[in-house]
Amino acid sequence: MKKVRVRFAPSPTGGLHLGGVRTVLYNYLFAKHHGGDFIVRIEDTDQSRYVEGAEEYIFNCLKWAGLEPDESPLHGGSYGPYRQSERKEIYRQYAEQLVKDGHAYYAFDTTEELEKMRHDFKTEQNPSPQYDRSLRMKMRNSLSLSPAEVKDLLTKDTRHVIRIKMPDQETVSFTDMIRGEISFDTLLVDDKVLLKADGMPTYHLAVVVDDHLMQITHAFRGEEWLPSAPVHVLLWKYLFGLKSMPQWAHLPLILGPNGKLSKRDGAKYGFPVFAMNWTDPKTNDLTEGFKEKGFLPEAFINLLALLGWNDGTEQEIFSKKELIEKFSIERVHSGGAKFDYEKAKWFNHEWIKQSGVASLESGVKTLLTEKGFPVADDAMLDKVIELVKDRCTLLPDFVQHSSFFFKTPEEYDLAAVKPKWNEEKKNFFLAYSEKLRSTAEWNAIALENSFKELATEKNIKPGELQLPFRIMLVGGKFGPPVFNIAELLGADETIIRIEKALLSF
RNA sequence: GGCCCGUUCGUCUAAGGGCUAGGACACCACCCUUUCACGGUGGUGAUACGGGUUCGAAUCCCGUACGGGCUACCA
């Protein structure tokens, strides 16, 4: 079987959104499923949109999500360079070749001339006129000008681009791995620019040349590329032959609450849209990331994989290993998927519940420390995590549910105790703390039993005493069962907390 | 406007001619729990519309509607 080789090609223009990560993920899963290579190249041919730091950011996201490429500008490989800006000279040769073969031509039109054309030929029937078969002879290019004029312009180094010459009437079709056969009529496709005036290729030329040179066998990209697919198919036909063209799959879009998912949706609806926090260096705008919001990378790729794909069973929780085993591009749904943050959180919750203490430890420790609850005892932390993880949906929930294990409460939710507080209850706790001093068996069950015994002795319903006890130990109405808390806190600390709280009640 | 893609519960989806259209999230109710959760049980809820083809259509075909994408010397 032919070795599979797929690639992801981000442009360093900002953050890495959900759709982007899902594209990487499907690339990655497909490659690994077939035992092939996953490479990452950088599409940085548009200098004006290049954002400092974006490239590094992208690789950090991939690293966090566990989707590191086999080859990339960072990792190296046999088909580099992997930055398109470093391949500039390669593209020119192929563009010139196309001109020589009559499949492309030089165009000398200035920006103003193009604007004028779009304005002059604009009608109600045709709001956006294209540089195509019907108009190209009215423009200034090597098809409309005489050979002498063209030669003259070229020797004078006149700014020009190279455009593909769309054939007159031809049906271009290809088979999409997700959607089946798709065909286009070349009459309706315009003469796309292949090589820009600054010598950089456009996406159309670069993707074809790079995919060929890097021996890409399967190509996955967003649905928004479907309309330009005929250009790519034609370029493959002219340059390298259709036999070696990769198989295409156009992935459905990820939608927000109102149409296409945008960066703004995150801020507007309160959920992250990027893999990791991204601050735009130009505007200083921060877009929240899943990582910082408290998602586990395992949950993140799980929820993304299931947004548009399933294995045909009712299983929803998949490890990366399982995803690699079971992924198939044919089972990717063809319709766009609306992102549901509630469901995303559910995935994370499931992953936290099934994660081992060891894998959560360092993240929780960092979080607690940051929030002002230094962890002195790692063994204690482990027990705490085991006790509270079932009630945590996002990583920061651990702070709410466990910070009191590491710091005696300073304030109490008095509103919850005061109304029903009385001398009898105070006496109970005085007696209970005294009893605790001599308790030999220190565990939740024993503590609960002696608590209830004493309550019965004093003629108070144990239930009425549990809430005050909780407030004493944790400060508020939250956390795991009280006696488990007391068990972990230990005798000394429990007694200290009871006595301290009694002063405020 | 033109071209392309899409359309099953509110959301993600299963069912690729054949039993009451299944599951998950969310929501509601009950149970568990004298904190908050987890968990358990049950419930509400969908094949966009109109024509065909067929003994039989969510499924195949055509049309309509709606949604999305593209229509740059951006990717």
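Here is how names work: the chains are called A, B, and so on, in the same order as the sequence lines, proteins then strands, and each is numbered from 1. Remember, predicted model here, so these are calculated numbers, not experimental data. Side chains included, hydrogens not; waters and symmetry mates left out as well; all remaining heavy atoms used.
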Strictly below 4.0 Å: does R221(A) bring a side-chain N or O up to OP1 or OP2 of rG69(B)? no
Under 4.0 Å between a side-chain N or O of N310(A) and OP1 or OP2 of rA14(B)? yes
If [N] has a Watson-Crick or G-U wobble mate with both distances under 3.5 Å, name it; if not, just say none.
N: rU54(B); value: none
N: rU7(B); value: rA65(B)
N: rA21(B); value: none
N: rG45(B); value: none
N: rC30(B); value: rG40(B)
N: rC70(B); value: rG2(B)

Among rC3(B), rG68(B), rC25(B), which is the nearest nucleotide to the side chain of F184(A)? rC3(B)
Give the nucleotide from the list rA15(B), rC3(B), rU13(B) with an atom nearest to the side chain of L188(A). rC3(B)
What distance, rounded to whole Å, do you find between the two [atom1] atoms, one in [N] and one in [M]?
N: rA24(B); M: rG39(B); atom1: P; value: 12 Å
N: rG16(B); M: rU8(B); atom1: C1'; value: 14 Å
N: rA15(B); M: rA21(B); atom1: C1'; value: 7 Å
N: rU54(B); M: rC70(B); atom1: P; value: 42 Å
N: rC49(B); M: rA57(B); atom1: P; value: 15 Å
N: rG50(B); M: rA58(B); atom1: P; value: 13 Å
N: rC3(B); M: rA46(B); atom1: C1'; value: 31 Å
N: rU44(B); M: rU7(B); atom1: C1'; value: 24 Å

Value in whole Å for how far the [atom2] atom of [N] lies from [atom1] of [X]:
X: Q315(A); N: rC12(B); atom1: CD; atom2: C1'; value: 16 Å
X: F339(A); N: rA26(B); atom1: CZ; atom2: C1'; value: 14 Å
X: L307(A); N: rA24(B); atom1: CG; atom2: P; value: 18 Å
X: K338(A); N: rU8(B); atom1: NZ; atom2: C1'; value: 15 Å
X: E314(A); N: rG23(B); atom1: CD; atom2: C1'; value: 4 Å
X: I178(A); N: rG69(B); atom1: CD1; atom2: P; value: 18 Å
X: H250(A); N: rC5(B); atom1: NE2; atom2: C1'; value: 10 Å
X: E316(A); N: rG22(B); atom1: CD; atom2: P; value: 16 Å

Say whether [X] and [Y], considering side chains only, have a donor N or O and an acceptor N or O under 3.5 Å apart.
X: E96(A); Y: Y106(A); value: yes
X: R331(A); Y: N310(A); value: yes
X: D46(A); Y: Y203(A); value: no

Check residues 407-415 of chain A and write down every donor-acceptor pair under 3.5 Å in which the side-chain atom is one partner and the other belongs to a residue at least two apart or another chain.
| residue | atom | partner | partner atom | Å |
| --- | --- | --- | --- | --- |
| T408(A) | OG1 | E493(A) | OE2 | 2.8 |

Please encode protein proximity along nucleotides 30-47 of chain B as a string of B, S and -, counting only heavy-atom distances under 4.0 Å. ----BBBBSS--------
For each nucleotide in nucleotides 70-75 of chain B, reading 5' to 3', give B when a protein heavy atom comes within less than 4.0 Å of its base, S when such contact involves only the sugar-phosphate, and - otherwise. SBSBBB
Going by side chain to side chain donor-acceptor pair (under 3.5 Å), name the residues that satisfy it together with R22(A), two or more places apart in sequence or in a different chain. none
How would you list, by chain and number, every residue that makes a side chain to side chain donor-acceptor pair (under 3.5 Å) with Y131(A), sequence neighbours excluded? D109(A), N141(A)
Would you indicate what F347(A) reaches in the nucleic acid, counting non-hydrogen atoms under 4.0 angstrom: base, sugar-phosphate, or nothing? nothing
Decide, for rC38(B), between syn and anti: a glycosidic angle within 90° of 0 counts as syn, anything else as anti. syn
If each of E124(A) and G308(A) is mapped to the nucleotide of RNA chain B with the nearest heavy atom, which maps nearer the 5' terminus, i.e. the 5' end? E124(A)
Show the atom names and distances, to 0.1 Å, of all donor-acceptor pairs under 3.5 Å that link a side chain in residues 311-318 of chain A to residues at least two apart or in another chain.
| residue | atom | partner | partner atom | Å |
| --- | --- | --- | --- | --- |
| D311(A) | OD1 | T313(A) | N | 2.9 |
| D311(A) | OD1 | T313(A) | OG1 | 2.7 |
| D311(A) | OD2 | T313(A) | OG1 | 3.3 |
| T313(A) | OG1 | Q315(A) | N | 3.1 |
| Q315(A) | OE1 | K326(A) | NZ | 3.3 |
| Q315(A) | NE2 | I317(A) | O | 2.9 |
| Q315(A) | NE2 | E322(A) | OE2 | 3.2 |
| E316(A) | OE1 | K343(A) | NZ | 3.0 |

Quick one: do E43(A) and R49(A) make a salt bridge, cutoff under 4.0 Å? no
With the threshold set at 4.0 Å, does a side-chain nitrogen-carboxylate oxygen contact exist between E113(A) and R140(A)? yes
Kindly state whether the ring of F8(A) and the ring of Y26(A) have centres lying under 6.0 angstrom apart. no
Can you classify the ring geometry of F290(A) versus F300(A) as parallel (below 30°), tilted (30 to 60°) or perpendicular (above 60°)? tilted
Mind checking whether H17(A) and F274(A) have parallel, tilted or perpendicular rings, split at 30° and 60°? tilted
